[in-house]
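Below: one structure, written as C-alpha cells.
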2 protein chains.
Amino acid sequence: MSHISSEETFKQILDLHHQLLSTFERCTGISASRMQVLFHVYHSKEISQTALKKLVGIDHAAITRHLKQLEGENMVIRRTSPEDNRFTLVKLSENGRQQIETLNKEREQFLNQMQLGFGEQELKQLSAMLQRIKHNLVQL
Amino acid sequence: MSHISSEETFKQILDLHHQLLSTFERCTGISASRMQVLFHVYHSKEISQTALKKLVGIDHAAITRHLKQLEGENMVIRRTSPEDNRFTLVKLSENGRQQIETLNKEREQFLNQMQLGFGEQELKQLSAMLQRIKHNLVQL
DNA sequence: TATCAATGTTTGATGAATCAAACATTGATA
DNA sequence: TATCAATGTTTGATTCATCAAACATTGATA
C-alpha cells in the first residue's frame, strides 16, 4: 500500500540517520559533526567560523561550541582575524595535526564500509532520489 | 571520485533527515516522533509503553517523557495494567480522538508530498538501497 | 563625527534523544 | 517465606542541534 510505503521510507531514513551517527561515533570515537568540523579545518589550513558553518551545515552557535571544546582539547587554535575582528579564524594545532591522520583513516574506513557493494551508478541514483525527496519538501 | 561520493551520500542523508523533521514539524505543528507515538496509540486502541518503544524506535525514557507531556495536554490517558503493574497502558483521550483526525490528515499529506513523483518500483529500490547501507554498518 | 544596517560570534534556553541509575513488580527457585 | 533475575518505568545527566538575544565590529551614510 502506497501510504505504508512512504511511511516506511520516512522511518528508514530516520533510522538510518541514527545508525550512521552512532556507528560513526563508535568507530572513530568522535561525533560525525565534530569530525566534519575537523575535516574542513584540516583541508582549509585556516578557515573562519562562518565559512565552517556553511561547509558543515550546522548552526553558528553549535560551531562555536564544537570549536571551543576542540580548542580545550588542544586540537585547534582560534584567533581573531587582524583584517576584520568580526572573523574568528581556526586551524589545527600541532597536536591536532598529529591526530587528524588517524581520524581521517577511520573516517574513510567508515565511509568505504558504508557504501560497500555500491557501484558509482547506484550511488548517483541514490543521490538523485534523496535529492528528489528534498525537493518535494520544498513545495510544502 | 569514490570517496567524495560516499561522503556526499552521508551528508545527504544527514541533511535530508534534518529537512524531514523540521518540515514535518512545520506542517503538522508536532514533532515527528511525537506524531509517531500518537499514531501507534491511535491504531492500537490501547498499548503498553514498552510496545510503543519498539514500534516508534526510540528510547524508553523518551517514550515516558513524550507520553507524560501528551497526558498533560490531555491527548492520552495512561494507566497501570491491573494484570501486571509493571506495564503502563496508553490510549487516546476523548480530546485526543478528536484531534487525531486533523493530525493524521496532515501527516498523510506530508508523506504523500514527500514521495510525489515516485513510483512503487522506485520506492522499493530506494528502500532496498537504504537497507543495504544499514546492513553495511552492521559489519563495523 | 555620529548613526545605522549588516555581519560574525557568544551565551542562555529549549527540545529531543541516549545513557545510566534507581525503583517497583513479577515469576521462579530454594 | 525469602531471595533472585528479569522486566518495565521514571528521573537525572549529558550531548547536540536550533532559536533568540546580546555584544562587538565593519563600512556606508548623513
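Each chain gets a letter, A, B and so on, in the order its sequence line appears, and its residues count up from 1. Predicted model only: the values in this text are computed from it and were never measured.
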Take B:Ser31 and B:Arg86, find for each the nucleotide of DNA chain C with the closest heavy atom, and name the residue whose nucleotide sits nearer the 5' end.
-> B:Ser31
Interatomic distance where CZ belongs to B:Phe24 and C1' belongs to C:dG15 [whole Å] | 16 Å
With a 4.0 Å cut-off on heavy atoms, is B:Arg65 in touch with a base, just the backbone sugar-phosphate, or nothing at all?
-> base
Please tell me which of the listed nucleotides, D:dT18, C:dT18, D:dG8, lies nearest to the side chain of B:Ala61?
-> C:dT18
Does any nucleotide pair with C:dA28 by Watson-Crick or G-U wobble geometry, both distances under 3.5 Å, and what is it?
-> D:dT3
Minimal non-hydrogen separation, B:Ser33 against B:Val56, with atom names | O-CG1, 4.2 Å
Please work out if B:Lys68 contacts a base, only the sugar-phosphate, or nothing of the nucleic acid, heavy-atom cut-off 4.0 Å.
-> sugar-phosphate
The residue, A:His60 or B:Lys54, whose nearest nucleotide of DNA chain D is more 5′ is B:Lys54
Just checking B:Asp59: base, sugar-phosphate only, or nothing, at a heavy-atom cut-off of under 4.0 Å?
-> base
Answer for the Watson-Crick or wobble partner of C:dA21, both distances under 3.5 Å, is D:dT10
May I ask you to decide whether B:Arg97 forms a salt bridge with B:Glu94, counting only side-chain N to carboxylate O separations under 4.0 Å?
-> yes
Length of the line joining A:Phe87:CZ and C:dT9:P, which is rounded to integer Å | 7 Å
Residues A:Phe39 and A:Arg107: closest non-hydrogen pair is CE1-NH1, 3.2 Å
note: A:Ile58, atom CD1; D:dC19, atom P; distance rounded to Å ~ 13 Å
So which one's nearest nucleotide on DNA chain C is more toward 5', A:His18 or A:Thr88?
-> A:Thr88
More than 12 foreign heavy atoms under 6.0 Å from NZ of A:Lys11: is that the case here?
-> yes
In whole angstroms, how far is the C1' atom of C:dA16 from the CE atom of B:Met35?
-> 17 Å
By nearest-nucleotide position on DNA chain D, the 5'-leaning member of A:Gln69 and A:Pro82 is A:Gln69
Look at all strands and tell whether B:Thr64 reaches a base, only sugar-phosphate, or nothing, counting heavy atoms closer than 4.0 Å.
-> base
Please give, in whole Å, the distance from C:dC19 P to B:Ile63 CD1?
-> 15 Å
Think A:Arg79 has a side-chain N or O under 4.0 angstrom from the OP1 or OP2 of C:dT9?
-> no
For the side chain of A:Asp84, counting heavy atoms from C-beta on, which of D:dT26, C:dT25, D:dT18 is nearest?
-> D:dT26
Taking a pair to mean Watson-Crick or G-U wobble geometry with both distances below 3.5 Å, D:dT15 pairs with C:dA16
Atom CD of B:Gln139: over 12 foreign heavy atoms under 6.0 Å = yes
Under 4.0 Å between a side-chain N/O of B:His66 and OP1 or OP2 of C:dA17, yes or no?
-> yes
